[in-house]
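In what follows, a single structure is set out as structure tokens and then discussed.
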Amino acid sequence: MRHSRAGRGSQYDSGAVPELPEVDFVRRLLAPVMTGARVEALLVRRAKLRIPFPTGFEERLVGHTVTAVTRRAKYLLAALSSGETLIVHLGMSGWFRVERAAGPEFDAEPGETDDDPKHDHVVFRMSSGMLVTFNDPRRFGLMDLAARGELASHKALRDLGPEPLSPEFDATALARACHRRKTPIKVALLDQTVVAGVGNIYASEACFEARISPKRKASAIATSTGAPRPQAMALAAAVVKVLERAIAKPTARFKVYERAGTPCPRRTCDGTIRRIVQAGRSTFYCPVCQR
DNA sequence: ATTGAGACCTGTCGGC
DNA sequence: TGCCGACAGGTCTCAA
């Protein structure tokens, strides 16, 4: 029996780290299971993930009803009837598993799942009879609670740039955010204050889609006053395109990410995908068609 | 102010 | 075969 899972695993070969499309996938997995359901019980198996759980974590969750499951950047947000909001980040390796509770206790049905229960850090038992389990081998994930009215000012969210799939994100916004930056454009795309939710994979993919070299200076997509150049238009559109494509087709393979040495997927191009390191991270691109 | 490096963490993989 | 170091990467923190 295979439980539905998300964020990492079977739907995402190549072990991709969850970025915006994957987090949105998890949101769509959790929303129907949690929305309108009350947290009946909470099992916290570990004192902390990347940071300690907030004080009163269990009491602030148990007995309250989830009113909505949304997403901001790579954060999952579960609004509670108490007015508080549960904030979850999947980190590098986090994912959720949803299954029907076997009984009143937290019977994880060991042996019946192919997931390693060793890293099941938090389990929510919902009034709908479903168990929602957070599993994160590397423990780079995060769970926190924001009090009523304090979500927007929460440390994790307050400095985030525009949502790439919202009207706030366009060539003008991208150019403005980049126009004083000396870092390479691909590195700028990873900065969550520039655009929220893009990670290492889709930063490379977006540069490829826009035919822009990842090594190009970020400021080069804008004029000296911060107005968008054509490259800003292309890149903003490419960011939206690669994210929407990944959301629509989670199993699609990447065009350049982790494809060093393979031919450029652009038919009209005879280049070979290269891997370089920028700001300590792998970047994949085609040196022939990306300028 | 902007940028980079180090830390966090552990499963996986290449090399000896 | 087995051990071991390198590597992967999102975000925070600290330093230049």
Original post:
Under 3.5 Å, is there a donor-acceptor pair between the A:Asp136 and A:Ser93 side chains?
Top reply: yes

Subject >> Base-contact (B) and sugar-phosphate-only (S) positions in nucleotides 9-16 of chain C, heavy-atom cut-off under 4.0 Å, - elsewhere >> reply: BBBSS---

Original post:
Roughly, in whole Å, what's the span from CD1 in A:Ile276 to P in C:dA8?
Top reply: 13 Å

**OP:** Examine the side chains of A:Ser219 and A:Arg181 and answer whether a donor and an acceptor come within less than 3.5 Å of each other.
**Re:** no

Nucleotide N/O to protein N/O under 3.5 Å, stretch nucleotides 2-4 of chain B:
| residue | atom | partner | partner atom | Å |
| --- | --- | --- | --- | --- |
| B:dT3 | OP1 | A:Lys182 | N | 2.4 |
| B:dT3 | OP1 | A:Thr183 | N | 3.3 |

Original post:
Under 4.0 Å: is that the gap between some side-chain N or O of A:His119 and OP1 or OP2 of B:dG11?
Top reply: yes

Original post:
With a cut-off of 6.0 Å (strictly less than), are more than 12 heavy atoms of other residues, nucleotides or ligands near CZ of A:Arg180?
Top reply: no

Original post:
Residues in ring-ring contact (aromatic ring centres under 6.0 Å, His included) with A:Phe169, at least two apart?
Top reply: none

**OP:** Please round to the nearest 0.5 Å and tell me the distance separating atom CZ of A:Arg274 and atom SG of A:Cys264.
**Re:** 13.5 Å

Original post:
Tell me the salt bridge (Lys or Arg N to Asp or Glu O under 4.0 Å) pairs involving residues 154-169 of chain A, sequence neighbours left out?
Top reply: A:Arg71-A:Glu163, A:Arg72-A:Glu163

**OP:** Would you kindly give the CZ-to-C1' distance between A:Arg139 and C:dA8, to the nearest whole Å?
**Re:** 17 Å

**OP:** Walk me through it: do A:Gln290 and A:Ser213 pass the test side-chain hydrogen bond (donor to acceptor under 3.5 Å, both in side chains)?
**Re:** CA-CA 5 Å; A:Gln290 289 180 250; A:Ser213 168; over 6 Å; no

Subject >> d(NE2, A:His179; P, B:dA1) in whole Å >> reply: 16 Å

Original post:
Quantified as the angle between the terminal helix axes (five pairs each), what is the overall bend of the helix from B:dT2-C:dA16 to B:dC16-C:dG2 to 10 degrees?
Top reply: 50°

Original post:
Who passes ring-ring contact (aromatic ring centres under 6.0 Å, His included) against A:Phe208, sequence neighbours left out?
Top reply: none

Original post:
Any side-chain heavy atom of A:Leu235 sitting closer than 4.5 Å to one from A:Leu174?
Top reply: yes

Subject >> Separation of A:Lys48 NZ from A:His121 NE2 (nearest 0.5 Å) >> reply: 11.0 Å

